Every structure is written in structure tokens, then in C-alpha cells.
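Any value given below was found using the heavy atoms of this structure, including those in side chains, with hydrogens, waters and symmetry copies removed. For clarity, every value in this text was computed on a predicted model and none was experimentally measured. Below, chains carry the letters A, B, ... as their sequence lines are ordered, and counting in each starts from 1.
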Amino acid sequence: MEHNTIRVRFAPSPTGLLHIGGLRTALFCYLFARGQGGTVVLRIEDTDRSRFVPEAEADIAAALAWIGLSVDEGPTVGGPFGPYRQSERKALYHRHVKRLIAQGDAYYAFDTPAQLTELRSAGAAYNVATRMDMTNSLTLPADEVSGRIADGQAHTVRLRVPADRTIRFEDMVKGSVTVESSGIDDQVLIKSDGMPTYHLANVVDDHLMQITHVIRGDEWLPSVAKHILLYEALGWHCPAMAHLPLILSPNGGKLSKRSAQRLGLPVNVRDYQSAGYEPEAVVNFLAFLGWNPGTRQEVFSLAELEKTFTLERVGSAPARFDLDKLQWFNAQHLRRLSAQELWDRACPYLVEVAPDHGVAAAALVQDRIILARDLAETYPYLFTPPDDYDPRGVRRRWKQDSPALVEAYAERLSQLASWEESALETALRSLAAEHKVGAGCLIHPARLAVSGTTAGPSLFALLRVLGQTEVVERLHRAVAVL
RNA sequence: GCCGCGUUCGUCUAGGGGUCUAGGACGCCGGCCUUUCACGCCGGUAACACGGGUUCAAAUCCCGUACGCGGUACCA
């Protein structure tokens, strides 16, 4: 693929399994980049040792692969701007921070957690108003600062945030945003364990990796001002920004693991996978949460989305999660599959070995199911004879004359030379006429006998798919049992 | 608390001064099709948060209020 200069990154934190909201961010990054012929970078933001989960990175990769998002550069594929894990880029951050300190835009701070707590409980913040009262390289003599560092005393590096700056920027989805620097604390840039904070690592990496568009969740919008201050101090250009509206739980609150569980919703991408949703449906559903093409089309493949997606059409209000809609999308995408593909996807849910009429069975119920697993779970009789017969159905449909009629039909069918739907129907209707009863007196008991239920696909299509031997056997058995 | 962002049917949304008696989709309800149940088709239900401006004209622009979400960490 021909790549132009557009470079976008998806930068998750490996603190747990990839969340559905994180996947949506990844999707929008991907769609924007692919639509522009740009490059997709995966960067692992593992600067928080305390929350680091070793399996998380593999889960992220698996989730992206599952829904079909390819990555051009990243920790496993490599690329010219690596390494792609922030924990492996420590030296880079320190190099740039040294410059900031030398320029007077950042300073060492030696305050203890207790001091900081005291500061906050006094209702104050670490900023212009208070920094000269704290223990830092702004207030300590130079030789004491170097002494403390040489002694290995715990310290952080903080950004010296200017007192009265109005920071204005244009967000591609939110529009114009204004923030006063007076409301921003002197941000920690390097933590006492030597790791960079998100803000520093993010700015340094986005610049070094030549990221042109920062596309991420709305929760970062207030941080942009801090980042702009950093870009300015470092003398770098700020990439274009696009902050995506958050996905809310169906009742409007935050879509947290707990709230989702309470509502019976999957949260992690792998939960969607194991619940049986198709990747195409998840993609389509996620794309329509906060974005729409402005046309009547609703069902999109990933490739179609790549062509159609624009950031301009991303809305700015948070969107609630709607499971009904996901299910509808799932049903729609199932119908776009060939019968063979549908059968392949349903196979994992079948306990029995794949029968040779599997594809025909899939075609039979393709437009009736919501999940591929429904093929196995709501139509088990397509593959195994019914264990029992719906009692309500028996009461309603299995009449006095049913055994004789069904037996006669079985007899007729065993004699049949052609196993075409029309032949099956003709046989039934003529038999009914001979017995001077309506066709329904035979159709309903026959369905019950063959499937154990009163609902399902057209009887004759069902019989055709099941095959002569099986059908005759099931009819006989029902007559014997009922 | 302070700061930022947001607010059109229950939900996702179209619309960005007159074409809006506000359109589509999901859901829900009804009908048709089908001697079953779905699908499909047809129809129905239901919204511009509130209050002030600006304007000949406001869902659309401005201000305020309410509500929601986010941020305010040596988490990202």
C-alpha cells in the first residue's frame, strides 16, 4: 500500500484486557489513516509499572487481529521509529527533559508524598502560587540540588507552567477549545521511579514518531493544553488533534466493567468474541457510535468504512451503548455471508460432528438467526432428532387423527422417488385431500414430529434438508412416542 | 469546588437561519405475507433540555440556567 505522510497511532496502556471503548478508538484511528492512505502505528504505553499486566499486550494484538485492523508499525511488526514500547524508550524522555531543565522550563522537585498531601489538604495546588514554597531546584541552591540527586534522593521533574497564558486550539471533532494555564498545576514529567508520565512520553513519542494526527478518547481533551505547553517548550509542532466522544453505558453512566456486568453487557473485546458476535458486526456497530455517513446506508464492511469514514462526520456528544443495535448489525452481517461461510462460523458451536447437510441447514435459517451459534442452539433438530416434543405444541397440534396421518405420510415419503420440495408438498396435499382433511392437519403434526416444536422454517424445505431416511425415521418415531 | 466539553424520538442519529406540520435506523405496537415461527413488506408510536435575546424568520446564532460526561494524580 502506498503511504503518504499521514501517520496515526493507537496508544493503549497495557493495564488489562482491551475494552470495547479502546477498540472503538483503535477503529477510528485505523479508519482515518486507511482512508487517507496513511500509516497506522501501535504504541504500547507501559509507563505505569504498578498497573502493568503482562498479558495485556497480547490481548490488544489479538483484539485488533480479530476485527481485522492491521498495523504498519508496532512492537511486534517493528518499524523505523521503534522501539514501540515506552518502557524501552526511557533514555529518550530523559534526554529531552534535560533540555527542558536547562532552558528553565522544568525543574527537579524533592517534595515528599506527605508534603504534597499537606499542600492539597490546604486547598492549594503545585503551581505558580506555591512552587516557591516547595522543595525544588527553584528554591534550593544549585549545589544542594546536585547533592541530593547524587545521594539518590527520590525526586520528580516538573513542568514550569506559565502563570497567565490562554491556550486555544482547534480540535477536529470538538472545534475550538480554550484553556487558561492558571488552572494547570506544574505537571510531573518524570516520576520518582524514573519513568515518564503520560504527558511527557506522549508528546515526545508523537513527535519522534512523526505522528500527524492524534486521535484518542475525549478524556484527554483537558490535557491538550499541557501538551501544547510541552510542544512549545520543546520547540516542536503540535500534531492535529481529534478527541472522540466517549461510549456510555445504556443508562447514561460511565461504561465501566462493573456497570456493564450489572447490565449483562460484555465489556472486553474478547467477551464479544466469546459471546458469539461477528467481528464485522462489532466494527459496524462501533463505527456508528458517534459517526454516521450522512446517507441511508447502515450496513458497512470494514473496507467500505475505510472509504467512507471522515473525522468531520464524527459527532461531539457521548453515545450510549445499545445491545439491540449490535444484535441487529450482527444479523445483517450474517446474511451477507455465503451459506458456506455461515456454516463455517457456526461449526464451533456444534457438539456433533459436522453433518453433510450443514451448508444447506445454514442456508435454511440464515435470515432467521441473530448469532451464528443460533444455528446450533435454536435449531438443534437440524442436526439431531428431537429428544422430546414441546408439550404445548403437542396439546395444540397433535390431534386424534395425527398418528394415522403422519404414519401414512411417512409411508408415502419412503416411496418417493424425487426429494424435491414440490414433491414433498404434493405428496402431503394429496394425502390430506384423500383423507378429506385440511393440509394443516398434516403440516403441523409433521413439523412437530420432525422438529419437536411448532415453529421453524417451512416444513417442506426442512424435510428436504433433513433427507429422506432421517425424515421417515423421525416420523415413525413420533408416532410411536406420542 | 474549579476547569473543559456536551444536550434532536427510549437508543444511535440527519439537519447547521426559511425547503422542518423535524428525516432515517434500532426497539416497541399494528397490518400484510405464511395453514407455524421468523424474515420481508406496509403502517403507527415517539424528540429540537429550559429561559432570555438577535432576526421578517431559530432545532439551527448569542447569553444564562439545568442536567450529563470528562478533567482536576509521581493513572493512563
Side-chain angles (χ1 to χ4, degrees), chain A residues 11-15 22 45-51 86 109 111-113 116-117 120 123 125-126 154-158 171 173-175 177-180 182-185 187-199 201-202 216-226 243 245-248 250-255 285 288-299 313 315-329 331-332 335 365-370 378 393 396-397 432 438-444 446-448 451 453-459 462:
Chain A
S13 215
T15 54
E45 309 220 323
D46 54 350
T47 55
D48 186 350
R49 288 180 317 168
S50 64
R51 292 205 301 155
Q86 292 186 326
D111 315 270
T112 62
L116 294 175
T117 315
R120 293 210 179 86
Y126 211 123
H155 64 278
T156 61
V157 176
R158 283 180 184 267
D171 185 272
V173 343
K174 298 287 178 181
V177 179
T178 307
V179 180
E180 298 296 332
S182 55
I184 304 174
D185 293 7
Q187 296 296 305
V188 170
L189 264 21
I190 298 282
K191 302 185 267 189
S192 56
D193 66 356
M195 278 294 201
T197 55
Y198 173 87
H199 304 300
N202 205 258
R216 84 244 280 193
D218 222 356
E219 72 270 25
W220 294 109
L221 193 61
S223 295
V224 175
K226 304 169 186 176
H243 288 83
L246 263 20
I247 299 178
L248 267 28
N251 49 42
K254 191 183 169 191
L255 185 61
F285 169 70
F288 270 73
L289 235 36
W291 173 85
N292 78 84
T295 64
R296 288 285 162 87
Q297 187 181 353
E298 303 229 42
V299 180
R313 293 203 64 86
S316 53
R320 297 187 192 199
F321 190 95
D322 181 3
L323 198 63
D324 283 332
K325 200 85 172 215
L326 206 213
Q327 291 179 337
W328 179 77
F329 275 119
Q332 295 303 313
R335 286 167 203 200
V365 297
Q366 183 155 24
D367 61 1
R368 321 169 65 95
I369 58 179
I370 290 175
T378 97
R396 271 183 43 223
R397 302 297 198 187
C441 293
L442 202 33
I443 290 176
H444 297 302
R447 165 176 291 104
L448 190 62
S451 71
T453 79
T454 55
S458 154
L459 175 69
L462 175 61

Quiz prompt | Among B/C75, B/C74, B/U36, the one nearest A/Arg397 by side-chain distance | solution = B/U36

Quiz prompt | Residues forming a ring pair (Phe, Tyr, Trp, His ring centres under 6.0 Å) with A/His199, sequence neighbours excluded | solution = A/His227

Exercise. Output all residues satisfying salt bridge (charged side-chain N to carboxylate O under 4.0 Å, His left out) with A/Asp111, sequence neighbours left out; order by chain, then residue number.
Key: none

Quiz item: Which residue, A/His444 or A/Ala125, contacts RNA chain B at a nucleotide closer to its 5' end, judged by nearest heavy atom?
Solution: A/His444

Could you pull out all donor-acceptor pairs under 3.5 Å where a side-chain atom in residues 319-326 of chain A meets a protein atom, sequence neighbours excluded?
residue	atom	partner	partner atom	Å
A/Arg320	NH1	A/Pro250	O	3.3
A/Asp322	OD1	A/Asp324	N	3.2

Exercise. Check whether the ring centres of A/Trp220 and A/Tyr198 lie less than 6.0 Å apart, and answer yes or no.
Key: yes

Practice problem: Using a heavy-atom cut-off of under 4.0 Å over every strand shown, decide if A/Tyr198 touches base, sugar-phosphate, or nothing. | Solution: base

Exercise. For A/Asp111, answer base if it contacts any base atom (sugar-phosphate contacts may also be present), sugar-phosphate if it contacts only those atoms, and nothing otherwise; contact means non-hydrogen atoms under 4.0 Å.
Key: base

Practice problem: Using a 4.0 Å heavy-atom cut-off across all strands, classify A/Ile443 as base, sugar-phosphate, or nothing. | Solution: base

Self-check item: salt bridge (charged side-chain N to carboxylate O under 4.0 Å, His left out) partners for A/Arg335, two or more places apart
Solution: none

Shorter than 3.5 Å, N or O on both sides, protein versus nucleotides 2-11 of chain B: list them out with atom names.
residue	atom	partner	partner atom	Å
B/C5	O2'	A/Lys174	NZ	3.2

Using a cutoff of under 3.5 Å, can you pull out all pairs of nitrogen or oxygen atoms linking the protein to nucleotides 39-41 of chain B, with atom names and distances?
residue	atom	partner	partner atom	Å
B/C39	O4'	A/Asp367	O	3.4
B/C39	O3'	A/Arg335	NH1	2.9
B/C39	O2'	A/Arg335	NH1	3.4
B/G40	OP1	A/Arg335	NH1	3.4

Quiz prompt | Phosphate OP1/OP2 of B/G16 contacted by A/Arg313 side-chain N/O (<4.0 Å) | solution = no

Self-check item: A/Thr47 vs B/A76: side-chain N/O to OP1/OP2 distance below 4.0 Å
Solution: yes

